[in-house]
Amino acid sequence: MSQEIEIGRGKRGRRAYTLDDVALVPARRTRDPEDLNVSWQIDAYHVEMPILGAPMDSAMSPQTVIELGKLGGIGVLDLEGLWTRYYDPMPIYEEIRRLPDNASNKQLQEIYAEPIKRELIGQRLAEIREAGVVVAGKLSPQRTQKYWRDVVDAGVDLFVIRGTTVSAEHVSTRAQPLNLKRFIYELDVPVIVGGVATYTAALHLMRTGAAGVLVGFGGGAAHSTRQLLGIHAPMATSIADVAAARRDYLDESGGRYVHVIADGGVGRSGDLAKAIGCGADAVMLGAALARATEAPGAGWHWGSEAHHPEVPRGHRVRVGTVGTLSEILLGPSSRADGTVNFMGSLRRTMATTGYSEVKDLQRVEMVVSPYDPR
């Protein structure tokens, strides 16, 4: 039963939890970490780890998408980012890296005012396809109707429609909104869509025919949505709510399974395990991969919210560099801060809690234990 507390005499609110507020409980049975299966399959695509690279220019370039794919994950390229606006974006990256620490968002807005070039969408996706890895590209709901044909013609395997929040029913008196149900039904490519943070909104998105739903709303390291809009959805509760929608939709649809993907708030390896424990099938990593030596942001991290032309809701933040992409995902690690060896940590968690499959970890016992960094 949901626990509500009184905010004041005229308002009550449901108590919700972040990933820092919860923890997994060890079980009576343990397993050898090397005997565990940490692979993931979505639609026809089987990969060796339940990891997607967030479509953020600071972390994902065509090269890092390919590298992540070869390591066993799925990288997602932002098809509205620098790589589809500039034929050679490397000087632009250098310009962003040289910005003062206290720079306003104006410079980013000016950089991203460069128009998207249709031919670059196909060129970047073709480069990824030639490497033999899963090809995934992202568009925002606002630009999906304009560029979707370019994406499909380029041979994308997974089509990601990602925004700060995405609903199955968007109401507008100024423009014809994207009809997700019709779009996904007519598209012969699996679609991952989000973000979403509530049971009802997730259930509606699942009914559109999406293969996966992204869970998150302004919870990443580079977001400031809570400060600007007053909107925030603690990730542990949001994942658990959306997982409940997945369960009910499974019954409603007669067995159609929609993957739940945590998108935001998963900055360290322990967050990965807790997100799965709350009900996620996989996670989308942004800041964690922006710390790689290969990341084009070179230790700086920002998302598309930071350069919104009217209401920027994010910042360019310094996350530093901790190791190669391989070390961050597969180890080995010489650090004890959760920034390196995500899959080794997940294996250790599964071994300690006694589960041999990632899917089974969703049944783990959890406790509410507010985190005290002291």
Side-chain angles (χ1 to χ4, degrees), residues 1-5 7 11-25 40 42 50 52 54 141 160-170 180-181 191-220 223 225-226 229-253 256-267 270-285 358-371:
M1 181 180 294
S2 298
Q3 180 183 2
E4 288 193 342
I5 61 174
I7 298 172
K11 197 71 174 180
R12 299 179 67 84
R14 185 163 67 106
R15 187 180 295 278
Y17 301 98
T18 69
L19 292 174
D20 280 341
D21 294 327
V22 299
L24 313 185
V25 178
W40 176 50
I42 180 167
L52 291 95
V160 179
I161 302 175
R162 182 180 188 252
T164 304
T165 185
V166 178
S167 66
E169 183 179 354
H170 178 69
L180 272 175
K181 189 169 186 177
V191 176
I192 297 173
V193 62
V196 69
T198 66
Y199 170 95
T200 302
L203 190 59
H204 286 177
L205 282 185
M206 291 172 184
R207 289 169 177 163
T208 67
V213 172
L214 299 172
V215 184
F217 190 103
H223 287 252
T225 306
R226 184 171 185 170
L229 304 185
I231 298 174
H232 177 60
M235 280 298 290
T237 298
S238 293
I239 295 168
D241 284 349
V242 176
R246 176 188 59 204
R247 176 200 62 209
D248 292 347
Y249 179 69
L250 189 69
D251 293 337
E252 173 188 307
S253 63
R256 185 173 182 276
Y257 190 89
V258 179
H259 291 260
V260 173
I261 302 164
D263 180 14
V266 187
D271 299 325
L272 164 61
K274 289 189 282 187
I276 294 172
C278 288
D281 296 286
V283 301
M284 182 171 270
L285 299 181
V358 171
K359 180 70 179 171
D360 295 337
L361 187 60
Q362 294 173 355
R363 304 199 308 265
V364 69
E365 181 182 351
M366 301 188 74
V367 294
V368 176
S369 175
Y371 175 66

| Applying salt bridge (charged side-chain N to carboxylate O under 4.0 Å, His left out), which residue pairs with at least one partner in residues 195-205 are found, sequence neighbours left out? | none

| request: First locate atom NE2 of His259, then atom CG of Leu52, and finally report the distance between them rounded to the nearest 0.5 Å. | output: 11.0 Å

| query | Is there any salt bridge (charged side-chain N to carboxylate O under 4.0 Å, His left out) pair reaching into residues 274-283, and which pairs are they, with sequence neighbours excluded? | reply | Arg246-Asp281, Asp281-Lys359

| Residue list, side-chain contact (heavy atoms from CB on, under 4.5 Å) with Ala262, at least two apart or on another chain | Met235, Ile239, Val266, Ala275, Ala280, Val283

| said: According to salt bridge (Lys or Arg N to Asp or Glu O under 4.0 Å), who are the partners of Asp241, at least two apart in sequence or on a separate chain? | reply: Arg14

| message | So which atom in Ser238 and which in Ala197 form the shortest heavy-atom distance, rounded to 0.1 Å? | response | OG-O, 3.4 Å

| query | Which residues satisfy the side-chain contact (heavy atoms from CB on, under 4.5 Å) test with Ala236, sequence neighbours excluded? | reply | Tyr17, Leu19, Val22, Cys278

| note | Rounding to 0.5 Å, atoms CD1 (Ile261) and CH2 (Trp40) come to a distance of 4.0 Å

| query | Minimum heavy-atom separation for Val193 to Ala210, with atom names? | reply | CG1-CB, 3.6 Å

| task | Apply side-chain contact (heavy atoms from CB on, under 4.5 Å) to the pair Leu205 and Val258, showing each step before the final yes or no. | result | CA-CA 10 Å; Leu205 282 185; Val258 179; over 6 Å; no

| message | Is it the case that the side chain of Asp21 and the backbone of Thr18 share a donor-acceptor pair, with hydrogens and angles ignored and the cut-off at 3.5 Å? | response | yes

| What pairs with Glu252 under salt bridge (Lys or Arg N to Asp or Glu O under 4.0 Å), at least two apart in sequence or on another chain? | Arg207

| said: Once rounded to the nearest 0.5 Å, what's the spacing between atom CD of Gln362 and atom CD1 of Ile276? | reply: 8.0 Å

| field | Rounded distance [0.5 Å steps], CZ in Arg162 versus CD1 in Ile192 | value | 11.5 Å

| request: Just jot down the side-chain hydrogen bond (donor to acceptor under 3.5 Å, both in side chains) partners of Thr198, sequence neighbours excluded, or say none. | output: none

| remark: Hits for side-chain contact (heavy atoms from CB on, under 4.5 Å) against Ser253, two or more places apart or cross-chain, chain-then-number order -> Tyr249, Arg256

| query | Does Asp360 have any salt bridge (Lys or Arg N to Asp or Glu O under 4.0 Å) partners at least two apart in sequence or in another chain, and if so, which? | reply | Arg363

| request: Could you tell me which residues satisfy side-chain contact (heavy atoms from CB on, under 4.5 Å) with Ala245, sequence neighbours excluded, listed by chain and number? | output: Tyr199, Ala202, Leu203, Met206

| query | What distance separates Thr208 OG1 from Leu180 CG, expressed to the nearest 0.5 Å? | reply | 5.5 Å

